[in-house]
Amino acid sequence: MKSKKSNITRTIGWIVSVVLLSAAVFIIWNRWDDLSKAIDSVERPNAGVLLSLVIITILSQGFVCESFRQLLNRVGIAKKGSVPIEKGEMFWLVMASGMLNWLPMRAGLIGRTVYHSKVNGIPAHKSLRVLFESVAIIVGVSGAALLMTIVSNLFNMHILYLGCLPILISCAFVAQKSTRCWSLAIIYRYFDLLFFATRYWLIFDLMSYEITIETAILLAAAGSIASLLPLPTGGLGGREWVIGLVASWVTVFPSAIALGLIADLINRVVELTVVIPFGLIGQHLLRKKLPTS
């Protein structure tokens, strides 16, 4: 019965995602004439910007991996005698699971949990515990970013000064052994969010529209939270609409919702461009670590 309910929930999630994406495509198509400036720019993209987007996405994934690795390698997670997860191993594992998460039934999450259990000596319930902890960190970091943008606007303070505060506060706890892994996990996630913001800033520049640093951080924070929506592949469909709506609230661009939708669709394409090839390589490399029996 429980399995049947889970299948129904997953099916509903995919249906909702497809409907939301279809609605996004319809909005873009319906406002096509108003988006001619952005469409023309995207059709003749700057090669340097495209390369920067790919590199930043890879670096961002590296910070995500390190955040997970800090939480998974701490005392009490793996069974006694287990070898700590290596940096390269975690990177390829996150890439492979990210690729598989585009398949139905959360194949990436299940595969990563099984891998940790068989190779790293981490029980399934401990892997899920770390996943929930990571979600809490994402919400906390995104909330701090949203607060920074609000304070920046209210008190006319430069966002770069405020942006250093979370790092400085977290670094104060790195020196203490009891809080080191948590502090590092938070710092890595924070850098991931900053790279996420940089991607939005570059994508709007790619469409020949300029946004402020504050707007980019706001979009990244909203996008990070939207990625947690109970929809397939990181809030597929839902995140696009969240970005579109936020863009319409904080910018004065014509057809701002459609521009936001295009921006996040481009972001998805960049993510896939990175995740698929790296995921295939990671799958090949990690298969060698799995026990043969």
Side-chain angles (χ1 to χ4, degrees), residues 13 17 20 24 53 56-71 94-95 97-98 101-102 106 108-109 130-152 159 162-163 165-167 169-170 182-204 211-251 260-272 274-275:
S17 289
L20 289 172
L53 284 169
I56 288 170
T57 303
I58 295 171
L59 291 173
S60 184
Q61 288 295 309
F63 282 113
V64 170
C65 297
E66 277 303 293
S67 182
F68 269 118
R69 200 174 72 91
Q70 291 297 324
L71 296 175
V94 167
M95 286 295 188
S97 63
N101 274 336
W102 283 88
R106 300 186 183 275
L109 174 60
V130 168
L131 178 63
F132 286 125
E133 290 169 348
S134 182
V135 168
I137 289 174
I138 293 170
V139 172
V141 167
S142 300
L146 290 171
L147 182 61
M148 282 192 308
T149 58
I150 293 171
V151 171
S152 175
I159 192 69
L162 291 171
L165 285 177
I167 299 174
I169 294 170
S170 297
W182 287 97
S183 300
L184 288 173
I186 291 169
I187 290 171
Y188 289 136
R189 274 291 180 181
Y190 182 68
F191 275 109
D192 169 49
L193 185 137
L194 294 180
F195 277 123
F196 201 13
T198 305
R199 277 158 55 190
Y200 280 121
W201 186 79
L202 286 172
I203 288 169
F204 272 91
I211 60 174
T212 63
I213 298 173
E214 289 86 352
T215 298
I217 291 175
L218 189 64
L219 291 174
S224 295
I225 294 174
S227 296
L228 302 176
L229 292 171
L231 295 172
T233 61
L236 181 64
R239 196 182 82 182
E240 283 74 8
W241 274 101
V242 168
I243 295 303
L245 291 171
V246 172
S248 70
W249 294 336
V250 298
T251 69
L261 291 169
I262 292 174
D264 204 63
L265 286 172
I266 293 173
N267 222 339
R268 291 281 187 190
V269 172
V270 173
E271 289 169 2
L272 279 174
V274 170
V275 167

Of all heavy-atom pairs between [X] and [Y], which one has the smallest distance, and what is that distance?
X: Arg199; Y: Leu53; value: O-CD2, 3.7 Å
X: Ser224; Y: Leu193; value: OG-CD1, 4.0 Å
X: Val246; Y: Ala222; value: CG2-CB, 3.9 Å
X: Arg189; Y: Ser67; value: CG-OG, 3.3 Å

Examine Tyr200 together with Phe196 and report whether their ring centres are nearer than 6.0 Å. yes

Min side-chain heavy-atom separation [X]-[Y] under 4.5 Å:
X: Leu146; Y: Leu218; answer: yes
X: Leu231; Y: Arg239; answer: no
X: Trp201; Y: Thr212; answer: no

Main chain of [Y], side chain of [X]: is a donor-acceptor contact present, judged purely on distance under 3.5 Å?
X: Ser134; Y: Val130; result: no
X: Ser60; Y: Ile56; result: no
X: Asn101; Y: Gly108; result: yes
X: Ser17; Y: Gly13; result: yes

